Novice: 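Questions regarding the structure given below will be posed in turn.
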Amino acid sequence: MQSPSQKTRPVGRPAQGITKKVSLTLSDEEWDEIEQSGMTYGAFVKDRMNKARKAAALETSPAPQPPITQFERERRSVDYPRRYAEERWDIHQRLSDEEVPPDVIEAAKKSMYKVLYPNQAENAVLETRDQFICPFTGKRFSTMDKLVGSAIPTLIQWSTAQIRRDAERAAARSKENL
């Protein structure tokens, strides 16, 4: 027996909509088409309605845009202002022993700024990739799988050393207690 505070759970298949009695007048060909589909009358009508909705949505949707390339998707602004790059050029020229003609320097700078700072962007825009830093060794990995694969032998080595040290300490304590 249920207490008044408990709600009853619904039984059976969940409702799919409102049921109405309908009478259809169709030609023999149309009735044959429904019967050959292998669907119930209701399923056939729903299928046709869904197809009509999809076709209408395609007609009203805007023209498809060209897909974004992987390169465009992965390029993002990073916190490295153009002035930092300019400072690095100055430092390089002061510390370099090479005599490079000024036109070569200017061409190299122009190329770098064009690629790193497109459309006169203030911060560099480039492809970046996530790196996973191992909490055990501090090494960087391109995937978690590589990180875990590298960590396993390290952790086995550390655990072996820890167990050996614990056993040595226990042996030293037992000698002291004798």
Side-chain angles (χ1 to χ4, degrees), residues 14 16-17 37 39 43-44 46-178:
Q16 294 179 350
S37 73
M39 294 186 238
F44 185 84
K46 283 183 185 179
D47 180 62
R48 290 299 166 101
M49 289 175 71
N50 286 336
K51 286 179 181 175
R53 265 190 232 112
K54 287 178 183 175
L58 286 175
E59 289 175 8
T60 60
S61 67
Q65 300 297 318
I68 296 174
T69 65
Q70 183 178 5
F71 180 72
E72 291 170 324
R73 193 171 35 246
E74 293 179 4
R75 283 178 57 97
R76 60 185 79 127
S77 179
V78 295
D79 189 24
Y80 195 83
R82 185 182 181 104
R83 64 184 162 80
Y84 288 1
E86 292 166 352
E87 289 170 9
R88 293 296 299 164
W89 272 108
D90 292 340
I91 292 168
H92 176 80
Q93 286 177 319
R94 278 196 314 264
L95 300 177
S96 177
D97 294 335
E98 288 182 65
E99 282 294 320
V100 181
D103 59 331
V104 173
I105 295 290
E106 287 307 310
K109 282 183 179 180
K110 183 178 177 182
S111 176
M112 185 176 87
Y113 295 144
K114 181 180 177 183
V115 173
L116 285 182
Y117 301 94
N119 302 319
Q120 300 297 319
E122 181 55 34
N123 285 314
V125 178
L126 65 152
E127 180 181 352
T128 60
R129 296 201 173 144
D130 293 333
Q131 288 188 324
F132 301 93
I133 301 170
C134 182
F136 311 109
T137 64
K139 291 182 181 177
R140 297 173 185 266
F141 296 90
S142 59
T143 66
M144 276 300 296
D145 191 48
K146 289 180 181 177
L147 183 150
V148 171
S150 175
I152 290 170
T154 301
L155 293 170
I156 289 172
Q157 183 181 15
W158 289 357
S159 296
T160 301
Q162 182 65 42
I163 291 169
R164 187 177 344 103
R165 282 191 303 272
D166 291 346
E168 290 170 356
R169 286 184 195 134
R173 277 190 227 119
S174 66
K175 287 181 182 177
E176 292 175 1
N177 290 338
L178 292 178

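This is a predicted model, so every value here is computed, not measured.
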Novice: Can you confirm whether Pro81 sits close enough to Asp79 that some side-chain heavy atom of one is under 4.5 Å from a side-chain heavy atom of the other?
Specialist: yes
Novice: For the atom pair CD (Gln93) and NZ (Lys109), what is the distance rounded to the nearest 0.5 Å?
Specialist: 5.0 Å
Novice: What's the verdict on side chain to side chain contact (heavy atoms under 4.5 Å, CB included) for Lys46 and Met49, showing C-alpha distance, side-chain angles and the deciding distance?
Specialist: CA-CA 5 Å; Lys46 283 183 185 179; Met49 289 175 71; 5.6 Å; no
Novice: Checking Pro102 now: which residues fulfil side chain to side chain contact (heavy atoms under 4.5 Å, CB included) with it, not counting sequence neighbours?
Specialist: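 By the side chain to side chain contact (heavy atoms under 4.5 Å, CB included) rule, Pro102 matches no residue at all.
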Novice: Residues two or more places apart in sequence or in another chain: which of them pass salt bridge (Lys or Arg N to Asp or Glu O under 4.0 Å) with Lys51?
Specialist: Asp47
Novice: Would you confirm whether Ser150, through its side chain, and Lys146, through its main-chain N or O, come within 3.5 Å as a donor-acceptor pair?
Specialist: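 Checked: no pair found.
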Novice: Not counting sequence neighbours, which residues clear side chain to side chain contact (heavy atoms under 4.5 Å, CB included) with Gln162? List them please.
Specialist: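 Per chain and number, Gln162 pairs via side chain to side chain contact (heavy atoms under 4.5 Å, CB included) with Arg165, Asp166, Arg169.
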Novice: If you compare all heavy atoms of Glu122 against all heavy atoms of Tyr117, which two are closest, and at what distance to 0.1 Å?
Specialist: O-CE2, 3.7 Å
Novice: With side chains defined as the heavy atoms from C-beta onward, is the minimum distance between Gln120 and Arg82 less than 4.5 Å?
Specialist: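 Yes; the side chains approach each other to less than 4.5 Å.
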Novice: Which pair of non-hydrogen atoms, one from Phe132 and one from Ser142, has the smallest distance, and what is that distance?
Specialist: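 Scanning both residues completely, I find the closest heavy atoms to be CE1-O, 3.5 Å.
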Novice: Determine yes or no for a side-chain-to-main-chain donor-acceptor pair under 3.5 angstrom, with Thr160 supplying the side chain and Ile156 the backbone.
Specialist: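 Yes.
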Novice: Distance check, rounded to the nearest 0.5 Å: Asn123 atom CG versus Arg83 atom CZ?
Specialist: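 Asn123 CG to Arg83 CZ: 9.0 Å, rounded to 0.5 Å.
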Novice: Please name the pair of heavy atoms, one in Trp158 and one in Phe136, separated by the smallest distance, quoted to 0.1 Å.
Specialist: CH2-O, 3.1 Å
Novice: Could you tell me which non-hydrogen atom of Val125 sits nearest to which non-hydrogen atom of Ala121, and how far apart they are?
Specialist: CG2-CB, 4.4 Å
